[in-house]
There are 2 protein chains.
Amino acid sequence: MSTAPRPSRRNEIRAQNETLILQAAEKVFAEAGFGGATMQLIADVAGLPKANLHYYFATKEDLYRRVVQNIFEIWLHAADVMDDAPGPAEGIGAYIEAKMEISRRHPDGSKVWASEVMHGAPVIQDYLETTLRDWTTGRAGLIQRWIDEGKMAQVDPEHLLYMLWATTQHYADFGHQIETLNGGKPLTDTQWKAAKASVKQIILRGIGAI
Amino acid sequence: MSTAPRPSRRNEIRAQNETLILQAAEKVFAEAGFGGATMQLIADVAGLPKANLHYYFATKEDLYRRVVQNIFEIWLHAADVMDDAPGPAEGIGAYIEAKMEISRRHPDGSKVWASEVMHGAPVIQDYLETTLRDWTTGRAGLIQRWIDEGKMAQVDPEHLLYMLWATTQHYADFGHQIETLNGGKPLTDTQWKAAKASVKQIILRGIGAI
DNA sequence: GTCTATAGGGCGATAGAC
DNA sequence: GTCTATCGCCCTATAGAC
């Protein structure tokens with residue numbers, strides 16, 4: 001019986017520290033951008049010595065890539081609610097609801113993604129060309145079927161998707177601006193409810209789904 | 001008669017070089033973010049020695065602030081078209097048209113603004129609290145009057161403004177993503193026309209203005 | 001697996017000749 | 001007003017003791 005950690009224990013430590021570092025990194029990358037973020041600050045937020053970060057993630061870019069992938073995965077699965085819906089009112093309504101909730105719960109991830117795309121997607125370009133393109137084609141097809149079935153007005157499915165992304169992510173990416181215009185205070189539960197209702201009302205009405 | 005430049009000539013040189021530097025800076029800040037941008041790269045893009053930048057703009061932050069102010073001014077004036085309109089169909093339609101055109105013509109400025117706000121507006125917070133807040137209150141009031149006059153559906157004016165900003169600026173800030181989904185090619189004239197039409201159709205219908 | 005110390009490189013900013 | 005050379009700082013990344 002060795003006193004050294006068995007592999008499973010070692011893996012637990014690794015998983016725990018990785019999660020801790022990833023959470024700190026998401027926050028720091030969101031607040032300072034890739035170039036403005038420093039490994040020292042991420043280490044401080046995570047409560048670890050800087051050298052430990054390089055033990056778990058070889059380079060700053062590796063760490064950054066993992067943060068970007070995380071939010072991407074979350075968004076991809078948010079669209080599952082559309083697939084089983086009987087029509088656009090339920091499907092797109094639920095998708096808006098899900099995306100708004102993610103903007104509320106993961107604003108930092110959304111900001112890191114926005115920053116990455118704005119700078120030309122130097123790190124996740126391959127995801128845009130494969131996973132995101134397939135995802136978009138599939139969901140545009142679903143919307144087109146709803147149009148063909150007369151369940152909503154004739155709109156361009158891709159531009160509708162852009163509008164859904166833009167409007168929902170705005171509450172995360174421009175959350176600071178919204179907070180400032182709200183008297184410097186974050187939106188309350190009631191205000192978030194009103195925001196979701198406004199977005200759903202205008203878009204669902206705009207596409208003739210209600 | 002001195003051979004040295006007279007004050008007016010000197011001012012011309014200053015104005016020319018400032019414009020040259022500001023254009024280069026907008027491009028570099030948009031592509032790399034504030035932290036990722038370097039004075040050396042901005043100088044290279046402008047075709048000037050790095051030291052000259054510091055002659056015209058004392059610090060990197062001074063230069064950055066001017067770039068952010070530029071796009072802000074452009075956006076503020078884009079809303080003039082709303083004020084003289086007889087109703088929401090014309091007013092908000094024209095505002096969407098103007099904002100979409102700015103996204104097309106000044107995508108870099110839009111990205112720099114987005115980045116600044118995402119990082120908590122460290123440099124232009126005072127503008128958000130004064131100029132933007134007043135602007136927003138005024139336009140929300142105009143929209144509320146249209147609602148009271150029965151010219152459009154009852155929607156929350158502020159959330160409508162957020163949707164207008166989000167949707168139009170998305171075509172600049174996420175232009176790279178849109179281009180990738182468009183087969184790696186920028187939107188053509190025809191595609192931009194379709195984008196504008198889609199946005200106007202869904203929003204104007206969504207607020208009951210058409 | 002953890003941490004201190006430091007190497008090595010690039011940055012913003014400036015001095016000073018022209 | 002322009003430009004070269006350089007200073008001083010802070011960054012990422014790593015070596016090596018524990």
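All values derive from a computational prediction rather than experimental measurement. By convention in this document, chain letters (A, B, ...) are assigned in the order of the sequence lines, proteins followed by strands, and residues within each chain are numbered from 1.
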Candidate nucleotides [options], ranked by approach to the side chain of [X] - the nearest:
X       : options               : value
B:Arg14 : D:dG1, D:dT12, C:dC3  : D:dG1
B:Lys60 : C:dG12, C:dC3, D:dT2  : C:dG12
B:Tyr55 : D:dT2, D:dT12, C:dT2  : D:dT2
B:Ala51 : D:dT4, C:dG12, D:dG1  : D:dT4
A:Pro49 : D:dT12, C:dG12, C:dT4 : C:dT4

Atom [atom1] of [X] and atom [atom2] of [N]: how far apart are they, to the nearest Å?
X       : N      : atom1 : atom2 : answer
B:Lys50 : D:dC3  : NZ    : P     : 15 Å
A:Leu53 : C:dT2  : CG    : P     : 11 Å
B:Phe57 : C:dA13 : CZ    : C1'   : 16 Å
B:Ile42 : C:dA13 : CD1   : C1'   : 14 Å
A:Asn52 : D:dG16 : CG    : P     : 18 Å
A:Gln40 : C:dA5  : CD    : P     : 13 Å
B:Ile21 : D:dG1  : CD1   : P     : 11 Å
A:Leu48 : C:dT4  : CG    : C1'   : 15 Å

Any idea which heavy atoms bring [X] and [Y] closest together, and the distance?
X        : Y        : answer
B:Met152 : B:Ile207 : CB-O, 3.3 Å
A:Ala98  : A:Ala78  : CB-O, 4.1 Å
B:Thr168 : B:Leu164 : OG1-O, 2.7 Å

Determine the contact category for B:Tyr56: base if any of its heavy atoms lies under 4.0 Å from a base atom, sugar-phosphate if only primed atoms, P, OP1 or OP2 are that close, otherwise nothing.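 The answer is sugar-phosphate, as B:Tyr56 gets under 4.0 Å only of primed atoms, P, OP1 or OP2.
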Using a heavy-atom cut-off of under 4.0 Å over every strand shown, decide if A:Ala43 touches base, sugar-phosphate, or nothing.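 It contacts nothing in the nucleic acid.
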Check the phosphate of D:dA13 against A:His54, side-chain N and O only, distance under 4.0 Å to OP1 or OP2. Yes or no?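 Yes.
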For A:Met39 and B:Gly47, find the nucleotide of DNA chain D closest to each by heavy atoms; which residue's nucleotide sits nearer the 5' end?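 Of the two residues, B:Gly47 wins.
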Strictly below 4.0 Å, N to O, side chains only: are A:Asp44 and A:Lys50 in salt-bridge contact?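 No salt bridge links A:Asp44 with A:Lys50.
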Using a 6.0 Å cut-off, check whether atom NZ of B:Lys60 has over 12 heavy atoms from anything other than its own residue.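 Atom NZ in B:Lys60 is crowded, with more than 12 foreign heavy atoms closer than 6.0 Å.
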